[in-house]
Q: 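Quick one: the structure is below, questions incoming.
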Number of protein chains: 2
Amino acid sequence: MKAQALHGHLDALLLAVLEQGELHGYAVIEALRARSAGQLDLPTGTIYPALRRLERAGHVASSWSTVNGRERRTYRLTDSGRASLAGERAGWREFSATVGRFLDPAGPPATPA
Amino acid sequence: MKAQALHGHLDALLLAVLEQGELHGYAVIEALRARSAGQLDLPTGTIYPALRRLERAGHVASSWSTVNGRERRTYRLTDSGRASLAGERAGWREFSATVGRFLDPAGPPATPA
DNA sequence: CCTTCATACGTAGCAACGCTACTTGTCAGC
DNA sequence: GCTGACAAGTAGCGTTGCTACGTATGAAGG
């Protein structure tokens, strides 16, 4: 999968995985890899800054804990994050329908408003 | 539609509209607007540089003509562009299936390879 | 005649975003 | 002692689309 294709949709993916329960950063990476059947294998340099961005935006909150001597920062969705995810989902549907109209062979030429 | 969502998919869209026949830049903008029912209203500062990029990459070729005293640079797909479009289509299907698995409610948890 | 709008092309500079490469540290297994 | 999985992070870069301009013609309206 081409890497830069994700542009602008990563935040939505992160919110979506956190919707099912709180996770720490490393676990987010594994969740993405598992739920995408290996398609999404994102480096830590992508995930950690993105989670910090979401936290600055108020869409997730984090707390530290120590498990087996390893420091973990666990993230959970906030109400704001849940609302944002709903918007991202709507945006995704609109976006994929629009682009699909050009790129999917079965797409009709235009759906009248 | 969020603007930056297009990131990485614009080239594919341009190749797709040119697949149906050669067009000049301004007409490409109108074709995108028409076929997307107004969802894609892209500024010239986006389209013109993108077409030049595609030409540098060898995916389109251009020629000048004068119509009603207006200079037009008309673009057409090359064989390389047609091949690239096929790849972009495959990439789009993979990408939209993967992201859709997280963002579309009907998506199954994972499709085993 | 003059202004405005649609047509038509283009560039410069900016901001967003994800990636590469690197660093730090613990624990398990050889 | 060393390697590899686990766990977190930052600095700097490259790509890409957008905003804001600039130029020019033809048609329409006053």
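Note that the structure is predicted; figures quoted are calculated from it, not measured. Numbers restart at 1 for each chain; the letters A, B, ... are given by sequence-line order, proteins then strands.
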Q: Can you tell me how the ring of H24(B) sits relative to the ring of Y26(B), calling it parallel under 30°, perpendicular over 60° and tilted otherwise?
A: parallel
Q: Over how many whole Å does the gap from R70(B) atom CZ to dT23(D) atom P extend?
A: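 Rounded to whole Å, this separation is 18 Å.
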Q: Between dG18(C) atom C1' and L10(A) atom CG, what is the distance in whole Å?
A: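 The distance from CG of L10(A) to C1' of dG18(C) comes to 8 Å, rounded to the nearest Å.
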Q: Can you measure E71(A) atom CD to dT23(C) atom C1' for me and round it to whole angstrom units?
A: 17 Å
Q: Any side-chain heavy atom of L13(B) within less than 4.5 Å of one from L42(B)?
A: no
Q: The side chain of Y26(A) is closest to which nucleotide in this list: dA5(D), dG18(C), dC9(C)?
A: dA5(D)
Q: So, is R52(B) close to the dT11(C) phosphate, meaning a side-chain N or O under 4.0 Å from OP1 or OP2?
A: yes
Q: Evaluate L40(B) against L6(B) for side-chain contact (heavy atoms from CB on, under 4.5 Å), listing each step before the verdict.
A: CA-CA 10 Å; L40(B) 292 172; L6(B) 264 186; 4.2 Å; yes
Q: Tell me the interatomic distance from N68(B), atom CG, to dA6(C), atom P, rounded to whole angstroms.
A: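 Roughly 17 Å, once rounded to whole Å.
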Q: By nearest atom, which of the nucleotides dT16(D), dT19(D), dG18(C) is closest to the P43(B) side chain?
A: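 Nearest to the side chain of P43(B) among the choices is dT19(D).
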Q: Between T44(A) and Y75(B), just flag the one whose closest nucleotide in DNA chain C comes earlier from the 5' side.
A: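 Checking each residue's closest nucleotide, the 5'-ward one belongs to Y75(B).
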Q: Under 4.0 Å, heavy atoms only, any strand: does G45(A) hit a base, just the sugar-phosphate, or nothing?
A: base
Q: Side-chain contact test, heavy atoms from C-beta onward, threshold under 4.5 Å: evaluate it for Q20(B) versus R35(B) and give yes or no.
A: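 Yes - at least one pair of side-chain heavy atoms lies under 4.5 Å apart.
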Q: Looking at dG10(C), dG9(D), dG17(D), which one has an atom nearest to any side-chain atom of R73(A)?
A: dG9(D)
Q: OP1 or OP2 of dG17(D) less than 4.0 angstrom from a side-chain nitrogen or oxygen of H7(B), does that happen here?
A: no
Q: Write down the distance between CD1 (I47(A)) and P (dT10(D)), rounded to a whole number of angstrom.
A: 14 Å
Q: In terms of side-chain heavy atoms of L6(A), which of dA8(D), dG18(C), dG17(D) is nearest?
A: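 Of all the options, the side chain of L6(A) is nearest to dG18(C).
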Q: Which listed nucleotide (dT11(C), dG9(D), dG10(C)) is nearest to the side chain of P49(B)?
A: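 Of the candidates, dT11(C) comes closest.
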Q: Would you say the side chain of L54(A) lies within less than 4.5 Å of the side chain of L18(A), judging by non-hydrogen atoms?
A: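 Sidechains of L54(A) and L18(A): no contact.
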Q: To the side chain of Y48(B), which of dG17(D), dA8(C), dG18(C) is closest?
A: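 Closest nucleotide to the Y48(B) side chain: dA8(C).
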Q: R72(A) near the nucleic acid: base, sugar-phosphate alone, or nothing, with a heavy-atom cut-off under 4.0 Å?
A: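 Counting heavy atoms under 4.0 Å across all strands, the contact made by R72(A) is with sugar-phosphate only.
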Q: Output yes when at least one side-chain N/O atom of R53(B) is less than 4.0 Å from OP1 or OP2 of dT15(D), else no.
A: no
Q: Between atom CG in L42(A) and atom C1' in dA7(D), what is the gap in whole Å?
A: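 Taking atom C1' of dA7(D) as the reference, CG of L42(A) is at 17 Å.
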Q: Could you check how far CG of L51(B) sits from P of dT16(D), rounded to whole Å?
A: 14 Å
Q: Nearest to the side chain of T46(B), which nucleotide is it out of dG17(D), dC17(C), dA8(D)?
A: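 From the listed options, dG17(D) comes nearest.
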Q: Can you find a heavy atom in the side chain of Y75(B) that is under 4.5 Å from one in the side chain of V28(B)?
A: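 No. Closest side-chain heavy atoms not under 4.5 Å.
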Q: Write down the distance between CG (L23(A)) and P (dA8(D)), rounded to a whole number of angstrom.
A: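 Atom CG in L23(A) sits about 10 Å away from atom P in dA8(D).
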